[in-house]
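Notes follow the structure.
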Number of protein chains: 2
Amino acid sequence: MSNMTDQLKAARRAKGLKQAELGKKLGLPQSHVSKIEQGSTDPRLSTIVDWARVLDLEPMLIPRQMVSRIRALVNGEPEPERRWQPDEESES
Amino acid sequence: MSNMTDQLKAARRAKGLKQAELGKKLGLPQSHVSKIEQGSTDPRLSTIVDWARVLDLEPMLIPRQMVSRIRALVNGEPEPERRWQPDEESES
DNA sequence: TATGTAAATATATTATTACATATAATTATG
DNA sequence: CATAATTATATGTAATAATATATTTACATA
């Protein structure tokens, strides 16, 4: 689903948390965590923000032109040094 | 309210858009744009993502330890997050 | 392999809330 | 003031979130 919920699911697993454990930290039932991770529901902003923070992530709004640079930083890649390929920004 | 909706409100104004114009681009009624900007409702993730993208912003999840560096980049500031540089190295 | 059992995740049903439509209030401008 | 332009509020409907239950997965042990 939304790339963001996929990331959050991956982040939960990376921390070794079960859906129920995460749910408890967030005050959400496990069943919700399941639905959100499956992409079978469109969660509220506050839910996503809380979720991210529990996993030491912060949602930020990044100007489109900076997205690939910042993504590289976050992924620990060594600054691709791209020469303006005409089209880079494909996202769902 | 949530820092993020404040940012989105500011971004709309920076582009000189009225609530109704933004709403049209998003397929949302103006009344709903109003509620979200006032913080009197907790919008869905998809709404915020669409909203951001219309304003050339992309929501991203940033690891906590990188937040201030990235915020500096985004705001065009000159890296305020130096950690105990014993003395300021010459910087161009 | 088959079975038992517990842990982990998914689904069903009901309650709460975002969103749509219509209208009102506010702010700007002549 | 009057009138228009912009933003806020009221009420009904569709979707998310809560509660309870079911299903799937993992790991035993015979």
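Every chain is numbered from 1 and lettered A, B, ... according to where its sequence line falls, protein lines coming before strand lines. All values below were derived from every heavy atom in this structure, side-chain atoms included, with hydrogens, water molecules and symmetry-related copies excluded.
Taking atom NZ on A:Lys24 and atom P on D:dT19, their separation rounds to 14 Å, with Å as the unit. One can place CG of A:Asp42 at 6 Å from P of D:dT16, the figure rounded to the nearest angstrom. Here the P atom of nucleotide C:dT11 and the CD atom of A:Gln30 are 11 Å apart, to the nearest Å. When the C1' atom of D:dA18 is taken as reference, atom CG of A:Leu26 falls 15 Å away, rounded to whole Å. Note: CD (B:Gln19) to P (C:dA24) measures 19 Å, nearest angstrom. When rounded to the nearest whole Å, the span between CG of B:Leu17 and P of D:dT7 equals 10 Å. For B:Lys35 and C:dA25, the NZ to P distance is 16 Å, given to the nearest whole Å. Rounded to whole Å, atom C1' of D:dT7 lies 11 Å from atom NZ of B:Lys18.
Residue A:Pro63 comes nearest to B:Val74 through the heavy atom pair CD-CG1, 3.8 Å, listed as atom of the first residue, atom of the second, then distance. Nearest heavy atoms, A:Leu17 versus A:Arg12: O-NH1, 2.7 Å. The two atoms that bring A:Gln19 and A:Gln30 nearest to each other are OE1-NE2, 2.9 Å, heavy atoms only. Scanning all heavy atoms of the two residues, the minimum distance from B:Leu8 to B:Leu55 falls at O-CD1, 3.7 Å.
Counting non-hydrogen atoms under 4.0 angstrom, B:Arg12 reaches the backbone sugars and phosphates but no base. If you check every strand for non-hydrogen atoms under 4.0 Å, A:Ser31 touches a base. Among the protein residues, B:Gly27 comes within range of the sugar-phosphate backbone only, with heavy atoms under 4.0 Å from sugar or phosphate atoms but none that close to a base.
Between A:Leu73 and B:Leu73, the closest side-chain pair of non-hydrogen atoms falls below 4.5 Å. Counting only heavy atoms from C-beta outward, the side chains of A:Leu22 and A:Val54 approach each other to under 4.5 Å.
Using a cutoff of 4.0 Å between basic side-chain nitrogens and carboxylate oxygens, A:Arg64 and B:Asp56 are scored as salt-bridged.
Distances were taken from every side-chain heavy atom of A:His32 (C-beta onward) to each of D:dA18, D:dT6, D:dT9; the shortest belongs to D:dA18. Proximity note for A:Ser34 (side chain, C-beta onward) versus C:dT11, C:dA20, D:dA18: the nearest is C:dT11. The side chain of B:Pro29 lies closest to C:dT21 when the candidates are C:dA18, D:dT9, C:dT21.
Recorded end-axis angle for the helix from C:dT1-D:dA30 to C:dG30-D:dC1 stands at 40°, based on five pairs per end and rounded to 10 degrees.
Nearer to the 5' terminus of DNA chain D, by closest-nucleotide assignment, is the contact made by B:Val33 (compared with the other of B:Val33 and A:Arg44).
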